[in-house]
Every structure is written in C-alpha cells, then in structure tokens.
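Note that these values count all heavy atoms, side chains included, but never hydrogens, waters or copies made by symmetry. Just so it is clear: chains get the letters A, B, ... in the order the sequence lines come, proteins before strands, and each one is counted from 1.
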Amino acid sequence: MWGKEDYLLNFLILFQRLIAKNVKLTHLGLENVKTLCAVDVAYDREEGYAVAVKQEGDKIEYKITKGKVTFPYIPGFLFMREAPIMIKAIEGYQCDLLLVDGHGLAHPRKSGIATVIGVLLDIPTMGIAKSKLAGDIVEENGIYYVVINGEKVGVKAGKYFYSPGNKTDLQDVIEMSKRGYPEILKIADKLSKQAKKDKNMSSDYKIW
DNA sequence: GCGACAG
DNA sequence: ATCTTGTCGC
C-alpha cells in the first residue's frame, strides 16, 4: 500500500522541500537554554506511546501521549510516522530547545523529523540519532562532520549523530555533542518503553 | 543491478 | 522500533 512508487511519497518529497526551504539556521547558544525538552516514542504493535520530557534546572516533568500509529516506517520519511504523536506529546510545553530522536538536516533533503517539527512549530530543535541515514563522515580539526552534497549538515560524536533541526546551527550541535548523549533523551526513551508496559496508565500529566 | 536505509 | 539468551568486553 505504501510503495516507493506511490504518488504519496512524491508528494511528501515536495512537502520536505518546502520545509527545508523554510528552515532557519540561526545560532541559539546552549548557554541560553534554560528549559530543555526531549521527545521519544515506543510501540506496542499499532499503539504508540510518546513521551515529552521537560527539564528546567532540577525540575523534571513529563507527559505521556498514547495513540494509534499506522503509517509505516520508511527511511527518509520517519516524520510521517512519529511527528504527529510527538507534536501532540510536546503540546503545552514551552521549551528553549527540543531534542528529537532522529535526524534534522542530516537528511537526503535536509528535512529530517527534527527539522519538520521545528519548522511546523517554529521552535528551536536539534536532531540526535543513534545511526546514520545519509552522508559521509569527514574529519576536520578533531570534529567528525556529516557531509551531504559537499555540505556539513551535522556531526558524529561517539556513536551518535547530531544535526540542526530548526533555529539552531552547526555550532550548537557541536557544543551539544561535546556534552555527550543527553540524559533527557535517555529519560524519554526509558519512560516511553515503560509506558507501553504499564497497561493501566492514565496517559497524561505527571511530575517528579 | 547493487548497496544503503533515522525509528 | 521490536523480537530475544547468553555472552564478550570495559
């Protein structure tokens, strides 16, 4: 039903080009980030459990959103599967920066899920992925850049890939990569996987 | 045709 | 992502 030759994918490519055209690669400056957020999703068949985690100083809170996720995972089009529920999960949270599990600019059309969410919500986002989707790794002055079409679109640090989503730049992701894999993403991952196990959860607001 | 391919 | 035991390594 969702073949590569499907006209829908051609349409989605047009959508991604529009998103890429509207990306703002401005410098955020991690020192200005007081409220940091992250989102991740876990699955149980067709049931998706998205968790948005918000951190401000020592205060950490999170919100769980459960919902049907039927669109399949297609490399390059992850946003169609996870962006809807992620956006729903982050709803109501005001953050200086949102970390998304996946790529941002380090995408064939510079339109990874972190970029799509950032542009649609007009907020600063950064994509952090556990594996590569596209590009070559080129070392320069100790930094391993992800290069696509001769352009530096992100960096690789350890086993993770960092790339700007929206309203962030290469310097921001380089700084973030030097801090190591964000604890808040580990929390989001852990909570989402925990949520799908707890069959009797209330799918809403909780605080630590 | 062959290899690559976020979660 | 998810299915899954023991096991190699820091």
Side-chain angles (χ1 to χ4, degrees), chain A residues 2-6 9-10 12-13 15-17 19-20 23 38-53 64-90 98-120 125-138 144-149 151-166 168 173 176-177 180-182 184-199:
Chain A
W2 304 105
K4 181 80 173 180
E5 69 295 336
D6 202 294
L9 290 192
N10 293 312
L12 294 181
I13 288 176
F15 175 80
Q16 292 183 316
R17 288 181 177 151
I19 290 295
V23 175
V39 287
D40 194 15
V41 187
Y43 302 88
D44 176 47
R45 297 301 184 91
E46 299 279 82
E47 299 304 317
Y49 295 83
V51 176
V53 183
I64 301 173
T65 297
K66 176 184 177 181
K68 284 281 194 260
V69 176
T70 59
F71 201 91
Y73 164 67
I74 301 175
F77 302 91
L78 174 65
F79 82 99
M80 283 298 289
R81 179 175 172 74
E82 304 193 334
I85 195 169
M86 279 186 168
I87 288 177
K88 176 60 181 174
I90 205 67
L98 173 65
L99 303 182
V100 181
D101 197 323
H103 293 288
L105 286 190
H107 176 281
R109 291 170 290 284
K110 302 172 70 172
S111 187
I113 188 170
T115 299
V116 173
I117 291 177
V119 173
L120 291 181
T125 60
M126 190 179 286
I128 300 182
K130 305 179 190 65
S131 60
K132 192 183 71 174
L133 169 63
D136 300 311
I137 305 304
V138 180
Y144 293 82
Y145 294 94
V146 176
V147 179
I148 297 181
N149 297 319
E151 182 182 3
K152 296 188 180 70
V153 293
V155 300
K156 179 182 189 303
K159 44 189 291 194
Y160 301 106
F161 299 76
Y162 306 69
S163 61
N166 185 51
T168 52
V173 301
M176 185 60 79
S177 71
Y181 193 70
I184 194 171
L185 271 178
K186 296 179 182 176
I187 294 176
D189 176 74
K190 180 180 179 182
L191 291 178
S192 63
K193 288 177 179 173
Q194 178 185 303
K196 72 173 182 182
K197 291 181 180 177
D198 303 341
K199 304 198 176 234

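Residue K196(A) places at least one side-chain N or O closer than 4.0 Å to OP1 or OP2 of dT2(C). For the pair S131(A) and dC5(B), the criterion of a side-chain N or O lying under 4.0 Å from OP1 or OP2 is not met.
What separates CD of Q194(A) from P of dA1(C) is a distance of 16 Å, to the nearest Å. Rounding to whole angstrom units, CD1 of residue I137(A) and P of dA6(B) are separated by 14 Å. Computed from coordinates, the F161(A) CZ to dG7(B) P distance equals 9 Å when rounded to whole Å. Counting to the nearest Å, the C1' atom of dA1(C) and the CG atom of L133(A) are 15 Å from each other. To the nearest angstrom, C1' of dA1(C) lies 13 Å from CZ of R45(A). When the C1' atom of dC5(B) is taken as reference, atom CD1 of I148(A) falls 12 Å away, rounded to whole Å. At whole-Å resolution of the value, NE2 in H103(A) and C1' in dG7(B) are 10 Å apart. Computed from coordinates, the K130(A) NZ to dC5(B) C1' distance equals 16 Å when rounded to whole Å.
Between F79(A) and F15(A), a ring centre-to-centre spacing shorter than 6.0 Å is recorded.
Side-chain proximity of R81(A) to the nucleotides dA6(B), dT2(C), dG7(B) is greatest for dG7(B). For K132(A), the side-chain atoms get nearest to dC5(B) when compared with the rest of dC5(B), dT2(C), dG7(B).
Using a 4.0 Å cut-off between charged side-chain N and carboxylate O, K190(A) and D40(A) make no salt bridge.
The cationic group of K66(A) does not satisfy the cation-pi geometry with Y49(A), failing either the under 6.0 Å distance to the six-membered ring centre or the 45° limit from the ring axis.
Counting only heavy atoms from C-beta outward, the side chains of V41(A) and M86(A) approach each other to under 4.5 Å.
Among the atoms of the strands shown, none is found under 4.0 Å from any heavy atom of A106(A). Contact annotation for G76(A): base contact, defined as any heavy-atom pair under 4.0 Å involving a base atom. Contacts of Y43(A) with the nucleic acid, taken as non-hydrogen atoms under 4.0 Å apart, involve only primed sugar atoms and P, OP1 or OP2.
A pairwise comparison of heavy atoms in A20(A) and R109(A) identifies CB-O, 3.4 Å as the closest pair.
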